[in-house]
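Working notes, structure below.
Quantities reported herein were computed from a predicted structural model and do not represent experimental measurements. Chain letters run A, B, ... following the sequence lines, proteins first, then strands; residues in each count from 1. All values below come from the heavy atoms of this structure, side chains included, with hydrogens, waters and symmetry mates left out.
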Number of protein chains: 2
Amino acid sequence: MSDTSGLLPLPLAGEPVAERSDAARNRAALLGAARELVAEHGAENVTMDDVAARAGVGKGTVFRRFGSRAGLMVAVLDQSEAHWQSQVISGPPPLGPGAPAWERLEAFGRSRLETTITHGDLLRAAGAGGSRSGPAASFVLQHVHHLLLELGVTGDVRLLATALLAPLEIELLDELRTTGIDTERILRGWLDLARRIVGGR
Amino acid sequence: MSDTSGLLPLPLAGEPVAERSDAARNRAALLGAARELVAEHGAENVTMDDVAARAGVGKGTVFRRFGSRAGLMVAVLDQSEAHWQSQVISGPPPLGPGAPAWERLEAFGRSRLETTITHGDLLRAAGAGGSRSGPAASFVLQHVHHLLLELGVTGDVRLLATALLAPLEIELLDELRTTGIDTERILRGWLDLARRIVGGR
DNA sequence: GTATGAAACGGACTGTAGTCCGATTACCTC
DNA sequence: GAGGTAATCGGACTACAGTCCGTTTCATAC
């Protein structure tokens, strides 16, 4: 009961109740194995058994740590997107800070479109909500939300940001490109959409 | 070689090369079985074996006719949406024809949002592209495209229509509602988006 | 160091989507 | 109506995601 020591496993805020050392080690091993296998064979050709074997753990462990195949892919994705995020947070303008908000939004669209296509197989493997769950996803939403506010957009900005991101989801892009619409046209369309949402420009 | 008879299986346009009678019979039986099972147990609890058994055919046949579980669900969906489509084509305004385009678009959004949520389980089972493939999906796109044109929207109207539909996809709606955003707010947000896309209003 | 309880482990097991190929059947020609 | 052929059929088979539970390992207390 009495917390005599001041140096405990700090059960501070909400959930993250600290992870046992073997658990942490396995999480890292699994993430590494998954990253390698995805790089070698493409996300669509990586099975959970593969990942478990490469990491040298049992299959049950993969699921205990990541919940599902989609969950694992989201975790890999979050790693892969770290560099992109750093570009947005502290890279050179106009993607990074320092440029006017509208130019940052333009740069964001261009860059996000590229990144989504590059990580296409991971995003598809991460499943429907893959591009919408996990740290990477909320970072993106947060960023657009912020830019829209800076641009003086009024109303339900949260929903407008979501609406602006929706057409950049991989499934939709796949569909459009299958129909013969190329990336260039998609980008122009998105910029037009952004312009209309932001208003007068 | 020589086409002496004028009354052949008419290989007219593109694909539909006519279906053998047993094939057609089985397609109908499968569709019926699937519809019943979905109604009884919900799409997420219907397996391909169930459907094959209920229709009294082999499992291979289900896949030959519909390609995949998602394909089957899209087919069921297309049936389920027939009534909704008829409302749009020839029902009373403002959803049906006769009302000003803007009012029709408002009615469309409201109605589409409801329908998507109602058919949620089917749409989810139809998978990512489920709401974007099949006759039902292209009908919806076509309709929005048409209304936007009537409203004098200029630019890449095809892409704008797609962008306007994207936030109504079931996965996104699920996500929003999980976050505690209710249907009413989603609808208001969508109408705001539509207003911005259409311009001045 | 030892004891103890909780958490994590692993791999056999289950359920289901999707494939394969020999047997069957519809349909056209003569 | 017999024959030929290409499409269709069916159900055993494969591959993979996800579950379950007896066993092992970690962390803390004493």
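A salt bridge links A/D22 with A/R20: the distance from a Lys NZ or Arg NE/NH1/NH2 to an Asp or Glu carboxylate oxygen falls below 4.0 Å. A salt bridge links B/K59 with B/D49: at least one charged nitrogen is closer than 4.0 Å to a carboxylate oxygen. Ion pair B/R54/B/E40 flagged as a salt bridge, since at least one NZ, NE, NH1 or NH2 atom sits closer than 4.0 Å to an Asp/Glu carboxylate oxygen. Electrostatic pairing of A/E169 and A/R124 does not count as a salt bridge here, judged by no charged N lying under 4.0 Å from a carboxylate O.
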Short N/O separations, protein against nucleotides 23-26 of chain C, under 3.5 angstrom:
{"from": "C/dT25", "atom 1": "O2", "to": "B/R20", "atom 2": "NH1", "distance (Å)": "3.4"}
{"from": "C/dT25", "atom 1": "O2", "to": "B/R20", "atom 2": "NH2", "distance (Å)": "3.1"}
{"from": "C/dA26", "atom 1": "O3'", "to": "B/S21", "atom 2": "OG", "distance (Å)": "3.2"}

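Taking CG of B/L72 as the start and CZ of B/R35 as the end, the distance is 11.5 Å to the nearest 0.5 Å.
Put simply, NE2 on A/H41 is 13 Å from P on D/dC16, counting in whole angstrom units. Rounding to whole angstrom units, CG of residue B/D49 and C1' of D/dC13 are separated by 13 Å. Distance, A/E44 CD to D/dC16 C1': 15 Å, rounded to whole Å. Taking atom CE on A/M48 and atom P on C/dG10, their separation rounds to 14 Å, with Å as the unit.
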**Request:** Quick one: do B/L160 and B/V144 satisfy side chain to side chain contact (heavy atoms under 4.5 Å, CB included)? Show the steps, please.
**Result:** CA-CA 9 Å; B/L160 287 172; B/V144 172; over 6 Å; no
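For the pair B/R69 and B/F63, the cation-pi criterion (under 6.0 Å, within 45° of the ring axis) is not fulfilled.
Contact annotation: B/N26 side-chain N/O to D/dC9 OP1/OP2 distance is under 4.0 Å.
Of the residues in residues 53-72 of chain B, those with a non-hydrogen atom less than 4.0 angstrom from any atom of DNA chain C are B/K59, B/F63, B/S68, B/R69.
Using a 30° and 60° split on the angle between ring planes, B/W84 and B/F139 fall in the perpendicular class, above 60°.
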